[in-house]
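Step one of this worksheet: look at the structure below.
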Number of protein chains: 4
Amino acid sequence: MQLHRSTIADHNESLLKDHQRRIQYLRSEVPRVDEVLPLLTDLQVAIPSWALGTGGTRFGRFSGGGEPRSLEEKIEDVGLLHALNQSSGSISLHIPWDVPQHHAAIRTLAAQHGLLFDAMNSNTFQDHPGQAYSYKFGSLHHVDKAVRKQAVEHNIEVIRQGVELGSKALSIWLSDGSNFPGQLNFRKAFQNTLESLQEIYAALPADWKLWLEYKAFEPNFYSGTVADWGQSLLFVNKLGPKAFTLVDLGHHLPNANIEQIVSLLLMEGRLGGFHFNDSKYGDDDLTTGSIRPYQLFLIFNELVEGMDARHMSHSRDMGWMIDASHNVKDPLEDLLQSVEAIKLAYAQALLVDRKALQEAQAQNDVARAQEILQASFRTDLRPLLAEARLQAGAALDPLQLFRQLHVRNSLIKERGNTAVATGL
Amino acid sequence: MQLHRSTIADHNESLLKDHQRRIQYLRSEVPRVDEVLPLLTDLQVAIPSWALGTGGTRFGRFSGGGEPRSLEEKIEDVGLLHALNQSSGSISLHIPWDVPQHHAAIRTLAAQHGLLFDAMNSNTFQDHPGQAYSYKFGSLHHVDKAVRKQAVEHNIEVIRQGVELGSKALSIWLSDGSNFPGQLNFRKAFQNTLESLQEIYAALPADWKLWLEYKAFEPNFYSGTVADWGQSLLFVNKLGPKAFTLVDLGHHLPNANIEQIVSLLLMEGRLGGFHFNDSKYGDDDLTTGSIRPYQLFLIFNELVEGMDARHMSHSRDMGWMIDASHNVKDPLEDLLQSVEAIKLAYAQALLVDRKALQEAQAQNDVARAQEILQASFRTDLRPLLAEARLQAGAALDPLQLFRQLHVRNSLIKERGNTAVATGL
Amino acid sequence: MQLHRSTIADHNESLLKDHQRRIQYLRSEVPRVDEVLPLLTDLQVAIPSWALGTGGTRFGRFSGGGEPRSLEEKIEDVGLLHALNQSSGSISLHIPWDVPQHHAAIRTLAAQHGLLFDAMNSNTFQDHPGQAYSYKFGSLHHVDKAVRKQAVEHNIEVIRQGVELGSKALSIWLSDGSNFPGQLNFRKAFQNTLESLQEIYAALPADWKLWLEYKAFEPNFYSGTVADWGQSLLFVNKLGPKAFTLVDLGHHLPNANIEQIVSLLLMEGRLGGFHFNDSKYGDDDLTTGSIRPYQLFLIFNELVEGMDARHMSHSRDMGWMIDASHNVKDPLEDLLQSVEAIKLAYAQALLVDRKALQEAQAQNDVARAQEILQASFRTDLRPLLAEARLQAGAALDPLQLFRQLHVRNSLIKERGNTAVATGL
Amino acid sequence: MQLHRSTIADHNESLLKDHQRRIQYLRSEVPRVDEVLPLLTDLQVAIPSWALGTGGTRFGRFSGGGEPRSLEEKIEDVGLLHALNQSSGSISLHIPWDVPQHHAAIRTLAAQHGLLFDAMNSNTFQDHPGQAYSYKFGSLHHVDKAVRKQAVEHNIEVIRQGVELGSKALSIWLSDGSNFPGQLNFRKAFQNTLESLQEIYAALPADWKLWLEYKAFEPNFYSGTVADWGQSLLFVNKLGPKAFTLVDLGHHLPNANIEQIVSLLLMEGRLGGFHFNDSKYGDDDLTTGSIRPYQLFLIFNELVEGMDARHMSHSRDMGWMIDASHNVKDPLEDLLQSVEAIKLAYAQALLVDRKALQEAQAQNDVARAQEILQASFRTDLRPLLAEARLQAGAALDPLQLFRQLHVRNSLIKERGNTAVATGL
């Protein structure tokens, strides 16, 4: 389903008067809003191919309808999101769920939708048809060299696929771990994993990055072989300058201070990117910003401060991705909400009065530091995001337009009610 | 696969001498061991039909082989466990995964294996073929009366199935909950659930019990409609004398003191039964006793003390069940390990010097109270369990015998490598 | 230190123009703001006497200066807060830290500051000079009847003190619990506590309420005798219609859904009041709204919905209190921030489009339900709180005025740098 | 209070017969027990000077009696423990709580009790009389260089004190952190801390080690500047070969896999030592082994495996210390229990069938790996510990003897009922 420019224009026209009143008021209250507009416009959040269909849990899955049946339809869905918000300008593929038949055709299709190919994701947490060895007991950390080799080769194949598509990063999430005390020798598991990662790293093109995700638990429930930021950092430091840690917000033990982790990884020059989502208990994979919006803002506060301190480009020098499971919402609506929440937190962070904050910190004026952060968080910046969209040719209210256009119904008509996105 | 008596006898013969030395030593150290032997023999732990095959997570499932393909084969597997340990004398069925074709035949088959039918489990956490309404947004708590009615009728049908089989309890686990703030009106969800439960309760035969499980989270990640023991207790108190709370060890928030919950539910006369498993993070469904064996002992310590205070029969007045997911072990081996861990904790609790403990408590002699509990926990009671098995005609070392007989290989030969137990 | 009306008037005059622009804009965006103004004005948050000085941890305490040296000075401090925000119109005393010499004089002093006496707090978590028995092993749950009796009598004495002052509620927080397995018989501890509470309840004047707080852990680290809402509810149900549960936001296990607990306690007619604070790990006693402002809003969302469903008066039918420890901030600044955060969350909850939310819930339109809640949360309602203050004769910006007046310096001059508030 | 050799001899004589029966049985069951005896004898657990008196929480402290009033009395108490168990052969001092008047005399006194001086502990988490700057907002991480300098100098002074006493390690626990978002710039806090640590490191004698503890939270409740093992490892790697991470079992987020952390720190050559205790919720500082004895065993399992892999001496190449708070038990009894639990876990780990475990791991035989570990944990090794004590001239049952001798009563008679150990 393709969106006509005129559809968006009509939508914007109908909301313009109200919008202009709001943005005008905001400009009067926060003079710097126009300064940050280009930054907001530039930030693009990659959509993972596996988040376009309904997700599930080990207890079941309740299909929505109209899910994409092919890589082409996934690209169309992301294209639609991008048309609506001009903020989702790339797609992150997952191999083997998204192996293209014809790479050139796929690249052309993506380009037609204004999309790039973000990080490529390998999969050694499941067994795939025709595979010689099982990953039941892990992949890159496996006690058996043959299994490790198979997993290494799969990752190298994913790089190859990515090269064809113009991707520049390999994102590795390992489910490797153990369910019971005694199952693993932790040290050997680490060393096997390191050796495997080194072989993959060696196959990385010069302009590529390797992002190593960590996760505290699930699907293994006793230990994870890359279980926290400290372990991921150990690995990437041993790998080399193209290796970085990737932070998924849901992959921590209860009460972890993620914003501090972000700050320290940036300090070490080893923060590669994000998988955004939200959670209350574990890796709940809920809509970003739906549970702890203030934490999301605090994370962006560290990102802006830390990237500026290293003179990094916010939009280009970090991988921004969503990783979520849409179990009870329309996946496309959920993604629109997530992207909005991410950019809202980014906008709030950009508008923090950083000079005042530094002064408050220098004086240990804790109450004032809190006031400064909360002032930015409390300011209603939704009109600013709308303005950024307006200027970029997107919809003033993407979710409203999505609903007015009955997009889901159209997709169901086109694709049927029982299609299941590959990988779900 | 049926076990010959002589197989067990041969096995026991080969281990007898060592066993006798150990039990003799234990008798000399702990004179009361023979007193508790009959209690140990009586305690039977029900095996859930869904735990006989390999379990999985939302990320995947790695099949073992030789999984039971039918209810009949599930009964055979439990029969085999029971022959090995004489401690797994019942099976807990799950509808619709285990709907019998011919109830009489199934009862006969179970009787041949010395098995009873423990609590029946309903399933409204998944959609089943041919179902009019979806449980995507819950079942007994659903905003739509028609959905609730369907779920109520399913539960009543489960009771009917259970009556045919000689079961005496309905075990209800509701996945009903919400993933996002605002999704539910908590009060209305509670009241709808209560109304639904009352309709089910009304259909309960006079000699049946209803067990209401609670669970903190998963598959919903914001709220659960029966989320903790307090909520379950509210429900069962409003339902009537045949309603009880069921405790699953993995269904709590981090750090919960489960043994205290057990004590208070017993005090209130509302503890109905257990789903045993172990966990480190959430509802990890690991082998009972594999992660926190001391906690398991402390729970049994409360059970023995509290049941004795109410003059309850340990074996008959409580539902003892396993609920686990066997992702990386042979399910039958895992179940043997779990039953052993449960009975070991029970034995340790039976041998606590209760009079001394009461004295220590009356004097706030905390160090001594700890010594008393740990003395029982530290005592090696494995020979006592072996003796109980020996006297009951079971194997001295069930796991060793299971392996020596190459049971899994036989099952694979018989059932194939790719069979998947129904419901998995 | 007393604030002149003219001081506030001058302050407001200086900020008035900006304020009027903001409130005018808000009125144009949210027409209902004027409807909720009276509710906002009415809500008064009690200040606990022990929060007026610098708090500490077991590792130490870093005094600020100018702390109140007497009950009179505590009342003056609350009077100052109330003059600044007209939202802190009562004080919650703690016995024996705040035993008045002359009740009439204290009542007059409070009245001069426009203050009432909120719930009285007893203290059986510490030993007090001259006390016959120690609370080392608990108080109301103690194995020794003589200790329980002493603790009961203390609570009755607290009621007596409260009657003299015009208070109408007794707030009981029990630290009773255990540090080690075996230390307590949980059932007997419950029953002893119940018996003790019944004796206290019997001494309650007809128009008084008893609020029973619960707490998961600390200062005991194995079990708490009133450890969660389920236990508190069991007690208050057994006590009678004047007994209610009190919720302290920091007293839960990790990840607890507090808003659901609030909803269910309201449903049961057993929610008596709140101790507001914020936390990341345990009972951190941080400034309300400083860590999880969205959770605070969700709690108020349940409060407004649930109280309205029971036709309760928001301001009169619930106990609103702060309970915090000000370790690194000026306590008075911290309290101003907390009250502001509480009223902001209340305002956000009042302005939720409840009709739309009900519709969304009735249709399981989860994405829309989230949009509705977040729209209210994202709206910048700080001008509305300022307007409520302006109309009530308080300061438009209490914290700014507090700083401009150099209140802390004045207090230090008056009281010295080393005064320590009683009880700290 | 000094223990006569004959007292111990008499005690042992009275228990000898029973003991010999038990150890003989154990030898018949576990032939390797005699091999590990020397290792058990060698392992000495340092007693921290601050754990000899009653501890408390922020809510209060309930004194026991007979607490040591001076460094000399602390040494006497550790001497007594060591006489009882021959396993507590060193004391870990805390400056400024334990500044000796005459170093030579103190060394002589310690030598008379057979005690060495283990790691020295600095204290910058409290303000001390006469100190120029406050640590309210931290010490080594402070925004003000003058405060950092003061804290650095204190640490250097602690080293000086230690040199006088023959200690060989400086143990640094920093409470530095923040209570509120915005309070700190995390990166600058890290860099300030690193600079401070480098200055301390430069003052370290050639044969000394620096141990850097980490702690997730408390007394700061938003961030910790050395909050997890990853952060500690970053620091010690930047410091140099004499810097190591110290693990306190209670300093982790909920559900952390501590044994894996131990394994990885050993792999990196950066594990310096332990603070043993146990906990259910946070840094509860309970008796070691009282809550999660199996976890303690698993930690020792990694220690034995990992130290052997690096050819380290168990007793000499690691710092073994207790860090606990004795709130409801006699501190000396608690310490006897803790040392016993530590050595029991060590013995269990030593007797793990490591060859069989490696085979099971190599075959992914998870059930067998569990059996191997649990077999060692389930074996009752208390007689082995008793035998090690017997051979070393200690008491067969230290706790029993402590009670029979009415040690506490003697100490109360000597020191009074209200003495408070310095630092408590």
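Chain identifiers are assigned alphabetically (A, B, ...) following the order of the sequence lines, protein sequences preceding nucleic acid strands; residue numbering begins at 1 within each chain. If you're wondering where the values come from, they're calculated on a predicted model, not measured in any experiment.
Two residues are said to be in side-chain contact when any heavy atoms from C-beta on lie closer than 4.5 Å; D/N257 and A/F186 meet this criterion. Between A/H142 and D/N364 the shortest side-chain heavy-atom distance falls below 4.5 Å. In this structure, A/F137 and D/V366 have side chains that are in contact, with non-hydrogen atoms separated by less than 4.5 Å. Annotation: side chain of D/Q358 is not in contact with side chain of A/N185 (no heavy-atom distance under 4.5 Å).
Salt-bridge annotation for D/E302 and A/R187: absent, with no side-chain N of the basic residue lying under 4.0 Å from a carboxylate O of the acidic one.
For a residue to count as touching a neighbouring chain, one of its non-hydrogen atoms must lie under 4.5 Å from one of that chain's; by this rule D/L234 touches chain A with the side chain only. The part of D/A362 that comes within reach of chain A is its backbone (N, CA, C, O), which places non-hydrogen atoms under 4.5 angstrom from that chain. A/L184 touches chain D through its backbone: at least one of N, CA, C or O sits under 4.5 Å from a heavy atom, while the side chain does not.
Heavy atoms only, all atoms of each residue included: D/G182 and A/L357 are closest at O-CD1, 3.8 Å.
Taking CZ from A/F180 and CG from D/L373, the interatomic distance works out to 12.5 Å, rounded to the nearest 0.5 Å.
Interface remark: of the candidates D/E305, D/Q363, D/R368, D/Q374, D/E305 forms the most heavy-atom pairs closer than 4.5 Å to chain A. Of the residues considered (A/P254, A/A367, A/A256), A/P254 shows the highest number of contacts with chain D, using heavy-atom pairs under 4.5 Å. Considering only heavy-atom pairs separated by less than 4.5 Å from chain D, the leading option among A/S263, A/G306, A/A360, A/A369 is A/S263. In terms of non-hydrogen atom pairs under 4.5 Å with chain D, the most contact-rich of A/K188, A/K136, A/K238 is A/K238. Interface check for chain A: of the options D/H252, D/E259, D/Q191, the most heavy-atom pairs under 4.5 Å are formed by D/E259.
For the salt bridge (Lys or Arg N to Asp or Glu O under 4.0 Å) test, no residue two or more places apart in sequence or in another chain qualifies with A/D176.
Close approach to chain A, defined as a heavy atom under 4.5 Å from one of its heavy atoms, is seen in D/Y294, D/L298 of residues 291-300 of chain D, taken by number. Of all residues in residues 221-228 of chain A, those placing a non-hydrogen atom less than 4.5 angstrom from a non-hydrogen atom of chain D are A/Y222, A/S223, A/G224, A/T225, A/A227, A/D228. Among the residues in residues 265-281 of chain A, those with a non-hydrogen atom closer than 4.5 angstrom to a non-hydrogen atom of chain D are A/M267, A/E268.
A/Q183 places no side-chain N or O within donor-acceptor distance of the main-chain N or O of D/Q361, the cut-off being under 3.5 Å.
Within a 6.0 Å sphere centred on OH of D/Y133, heavy atoms belonging to other residues, nucleotides or ligands number 12 at most.
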